[in-house]
Asker: 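Dropping the structure in here first, questions after.
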Amino acid sequence: MATIGFIGLGNMGLPMATNLIKAGHTVRGFDLSEDQRKALEAAGGDTASSTEGCVDSVEIVVSMLPAGPQVKAVYGESILPKVADGTLLIDCSTIDVATARAVASDAAAKGLEMVDAPVSGGTTGAAAATLTFMVGGSETAFDRAKPILEAMGKTIVHAGGSGNGQAAKICNNMMLAINTIGQCEAFSMAEKLGLDTAKLFAISSKSSGQSWSMTVNCPVPGLTETAASNRDFKPGFTAAMMLKDLGLSQDAAEQVHAQTPLGAEAMQLFRDYVDRGHADTDFSGIIKMIRGDGDF
Ligand code: NAD
């Protein structure tokens, strides 16, 4: 069992760190939010009052931060200068490929192994330890990270060299955004056609329209237990995070001249939804805008 410093105890990081504790690891966490630090203590973890204190003398660092700028700053200013030789660095945040590669390269310059290991599966998967990890890094770093990731997830895939985990993640989330908008359009149209949404769910969840966006996070409440729609779109995965990921995928598409017309349209729809004041709701709440509910 390892001693792990865990940075970023938000919607995802807190349940992930909790699962590391349940697996028998010693976890010391840090988050800017005192509430989140207290929540980790309640789950049986230790906490530190700074990133430096959190990663002091640990064998492994796991981070789950909002975006590239935080990862760059936290690793550059606090983690790389502080950790002991031989510490394995695992960043699970969703960030751009270039930043992931730059931070891993700075780590390598100090003789430290690092993997990018973004996740899919949402807060439900984080709580149930069933996340999918997409890992970029060397074979040896992957082999070291795998047993740690197995305490938090079910499917651990080595996607290739440094940054390839992030490449997989932005492709995956572009599919998720497009699928979710598809569910929103179809369920809204069903209502207008006089088709009971429960009937559509019973049919499509067993047919070719099926997707995670339907069977795990259905935008219509009452059809799947795990959906944010059952909790008035309390996240879950915020619309702001989805917009961030679509920005990453569109930037990447532009850089490599990939054609992504539906990805571009999905990003525009999420930008509208966020701009109308819904950044902090679950991304599946976009059904309200597509349906034309209330303030839309
Ligand atoms: P979140 O906003 O709930 O959590 C991020 C946490 O990081 C917050 O608690 C914040 O206080 C903390 N933080 C920010 N800057 C910090 C710093 N400098 N030092 C220490 N703590 C700091 O976000 P989340 O939903 O947990 O997402 C985290 C990452 O996981 C994002 O990159 C997101 O895209 C990705 N992700 C989220 C989901 C999801 O369903 N929520 C799914 C897959 C991937």
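Remember, it's 1-based here, ligands and their atoms both numbered in the order they're listed. These numbers come from the heavy atoms of this one structure, side chains and all, not from hydrogens, waters or symmetry mates.
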Asker: With atom 30 (O) of ligand 1 as the reference point, say which of K169, M12, M64 has the nearest heavy atom.
Answerer: M64
Asker: Side chains of F237 and N173: does their closest heavy-atom pair fall under 4.5 Å?
Answerer: yes
Asker: Report yes if T94 has an N/O atom closer than 3.5 Å to an N/O atom of ligand 1; otherwise report no.
Answerer: yes
Asker: State, to 0.1 Å, how close G236 and R231 come at their nearest heavy-atom pair, and which atoms those are.
Answerer: N-NH2, 3.9 Å
Asker: Mind checking whether D31 has an N or O less than 3.5 Å away from an N or O of ligand 1?
Answerer: yes
Asker: So between I95, N11, V71, L65, whose heavy atom ends up nearest atom 28 (C) of ligand 1?
Answerer: L65
Asker: For the salt bridge (Lys or Arg N to Asp or Glu O under 4.0 Å) test, which of D272, D232, D293 pairs with K288?
Answerer: D232
Asker: Under a 4.5 Å cut-off applied to non-hydrogen side-chain atoms, are D251 and D96 in contact?
Answerer: no
Asker: Using a side-chain heavy atom cutoff under 4.5 Å and only I, L, V, M, F, W and Y, what cluster partners does L112 have?
Answerer: I7, F30, L32, V55, V58, V61, L65, V71, V74, Y75, I79, L80, V83, L89, I95, V103, M114
Asker: Does a donor on one side chain and an acceptor on the other come within less than 3.5 Å for S93 and D91?
Answerer: yes
Asker: Inspect the contact between E41 and R37 and indicate whether a charged nitrogen and a carboxylate oxygen are less than 4.0 angstrom apart.
Answerer: no
Asker: Show which atoms of ligand 1 fall inside a sub-4.0 Å distance from at least one heavy-atom site of T123.
Answerer: 40 (O)
Asker: Which one of L32, V74, L9 has a non-hydrogen atom at the shortest distance from atom 21 (N) of ligand 1?
Answerer: L32
Asker: At under 4.0 Å between heavy atoms, is it the side chain or the backbone of M241 that contacts ligand 1, or both, or neither?
Answerer: side chain
Asker: Which atoms of ligand 1 have any heavy atom of K244 under 4.0 Å away?
Answerer: 31 (C), 32 (O), 33 (C), 34 (O)
Asker: Which of the atoms in ligand 1, numbered in the order shown and given with their element, are less than 4.0 Å from a heavy-atom of F30?
Answerer: 19 (N), 20 (C)
Asker: Quick one: look up the protein heavy atom nearest atom 39 (C) of ligand 1 and list residue, atom name and how far away it is.
Answerer: F237 CD1, 3.2 Å
Asker: Please work out which of the three classes, parallel, tilted or perpendicular, describes the rings of F187 and F201, given edges at 30° and 60°.
Answerer: tilted
Asker: Under 4.0 Å from a heavy atom of G10: give me the atoms of ligand 1 that qualify, with their elements.
Answerer: 3 (O), 4 (O), 6 (C), 9 (O), 26 (O)
Asker: Identify the closest protein heavy atom to atom 14 (C) of ligand 1: which residue and atom is it, and at what distance?
Answerer: P66 CD, 3.6 Å
Asker: Please determine, by modelled atom types, if T140 and S138 share a side-chain donor-acceptor pair under 3.5 angstrom.
Answerer: yes
Asker: Can an N or O of Q70 be found at a distance shorter than 3.5 Å from an N or O of ligand 1?
Answerer: no
Asker: Looking at ligand 1, does any of its N/O atoms fall within less than 3.5 Å of an N/O of G122?
Answerer: no
Asker: Tell me, with the steps shown, if E191 and T197 meet side chain to side chain donor-acceptor pair (under 3.5 Å).
Answerer: CA-CA 7 Å; E191 287 163 359; T197 50; 5.0 Å; no
Asker: Using a 3.5 Å cut-off on N or O atoms only, is V119 in polar contact with ligand 1?
Answerer: no
Asker: Kindly confirm or rule out an N or O of G236 lying under 3.5 angstrom from an N or O of ligand 1.
Answerer: yes
